[in-house]
**Q** 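Sharing a structure with you now.
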Amino acid sequence: QVQLVESGGGLVQAGGSLRLSCAASGITFTRHAMGWFRQAPGKEREFVAAISRSGSFTFYADSVRGRFTISRDNAKITVYLQMNSLKPEDTAVYSCAAAYLPMDAASRLVSSYSHWGQGTQVTVSS
């Protein structure tokens, strides 16, 4: 069975940092691009960051570019989201997702992703 398990969420003050982790199992991890999405109460799910299967290519939402960094460790079968300079508007449930894409591609589209984790809560206080 496919499992994506997020961890590292919590409560942090504005300006602080958190690192989210997503441990994968049940998939050929090196053949999947990975992404992070978030959803705040009353808002649509939005793209945050994505990384290609090799880790060579990354993409970010404009709202997080320069503050967040996505990375992956294929040996540990884990993808990370380093979040710095956090703002209250970053408060959301953050979910990890896996996408089987051709070549070394990555995607910002929800429809590209076939597997999702349960999410982890990130709360940023002002």
Side-chain angles (χ1 to χ4, degrees):
Q1 62 180 2
V2 176
Q3 284 191 307
L4 300 175
V5 181
E6 301 96 335
S7 62
L11 175 65
V12 64
Q13 293 184 351
S17 298
L18 285 174
R19 189 180 75 158
L20 306 183
S21 298
C22 174
S25 63
I27 61 171
T28 305
F29 187 68
T30 55
R31 294 182 182 177
H32 283 76
M34 302 295 295
W36 287 96
F37 294 78
R38 67 187 183 187
Q39 187 167 25
K43 295 186 177 181
E44 297 181 358
R45 180 171 48 190
E46 67 173 340
F47 167 76
V48 176
I51 188 166
S52 67
R53 62 189 184 186
S54 73
S56 296
F57 306 102
T58 57
F59 303 90
Y60 297 93
D62 290 344
S63 59
V64 307
R65 188 176 294 109
R67 299 188 297 121
F68 291 10
T69 303
I70 188 171
S71 62
R72 67 191 294 161
D73 187 334
N74 286 344
K76 295 183 177 180
I77 318 177
T78 301
V79 63
Y80 305 94
L81 185 68
Q82 177 67 46
M83 304 184 295
N84 299 327
S85 302
L86 283 162
K87 304 174 181 179
E89 51 263 45
D90 294 319
T91 295
V93 174
Y94 284 72
S95 297
C96 175
Y100 187 80
L101 300 174
M103 301 182 290
D104 197 21
S107 176
R108 61 186 295 161
L109 303 177
V110 170
S111 60
S112 294
Y113 294 85
S114 55
H115 303 289
W116 295 80
Q118 81 287 347
T120 185
Q121 177 71 46
V122 172
T123 302
V124 184
S125 62
S126 60

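Side chains are part of it too, since the values below use all heavy atoms of this structure and drop only hydrogens, waters and symmetry mates.
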**Q** State, yes or no, whether a side-chain contact exists between Asp90 and Arg38 at a heavy-atom distance under 4.5 Å.
**A** yes
**Q** Check step by step if side-chain contact (heavy atoms from CB on, under 4.5 Å) holds for Phe68 and Leu86.
**A** CA-CA 9 Å; Phe68 291 10; Leu86 283 162; 3.8 Å; yes
**Q** Any sub-3.5 Å donor-acceptor pair from Tyr113's side-chain atoms to Ser107's backbone N or O?
**A** yes
**Q** So, the side chain of Tyr80 versus the backbone of Thr69: is there a donor-acceptor pair under 3.5 Å, distance only?
**A**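 No, Tyr80 side chain to Thr69 backbone: no donor-acceptor pair under 3.5 Å.
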**Q** Is a side-chain donor or acceptor of Arg67 paired with a backbone partner of Ser85 at a separation under 3.5 angstrom?
**A** yes
**Q** Applying side chain to side chain donor-acceptor pair (under 3.5 Å), can you list everything that pairs with Arg65, at least two apart in sequence or on another chain?
**A**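 If we apply the side chain to side chain donor-acceptor pair (under 3.5 Å) test to Arg65, skipping adjacent residues, the hits are Asp62.
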**Q** For residues Met83 and Val12, determine if any side-chain heavy atom of one lies less than 4.5 Å from a side-chain heavy atom of the other.
**A**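 They are not in side-chain contact.
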**Q** Can you tell me how far the OG1 atom of Thr91 sits from the CG atom of Leu11, to the nearest 0.5 Å?
**A** 8.5 Å
**Q** To the nearest 0.5 Å, tell me how far Gln3 CD sits from His115 NE2.
**A** 12.0 Å
**Q** Could you give the side-chain donor-acceptor pairs of residues 17-32 under 3.5 Å, partners two or more places apart or in another chain?
**A**
| unit_1 | atom_1 | unit_2 | atom_2 | d |
| --- | --- | --- | --- | --- |
| Ser17 | OG | Asn84 | OD1 | 2.9 |
| His32 | ND1 | Thr28 | O | 3.0 |

**Q** So, Gln39 side chain and Ala92 main chain: donor-acceptor pair closer than 3.5 Å or not?
**A**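 Checking the backbone N and O of Ala92 against the side chain of Gln39, no donor-acceptor pair under 3.5 Å is found.
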**Q** First locate atom CD1 of Ile70, then atom CD of Gln82, and finally report the distance between them rounded to the nearest 0.5 Å.
**A** 12.0 Å
**Q** Not counting sequence neighbours, which residues clear ring-ring contact (aromatic ring centres under 6.0 Å, His included) with Phe47? List them please.
**A** Phe37
**Q** Which value, rounded to the nearest 0.5 Å, describes the distance between Gln13 atom CD and Ser126 atom OG?
**A** 9.5 Å
**Q** Quick one: CE on Met34 to SG on Cys96, what's the gap to the nearest 0.5 Å?
**A**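 One gets 3.5 Å once the value is rounded to the nearest 0.5 Å.
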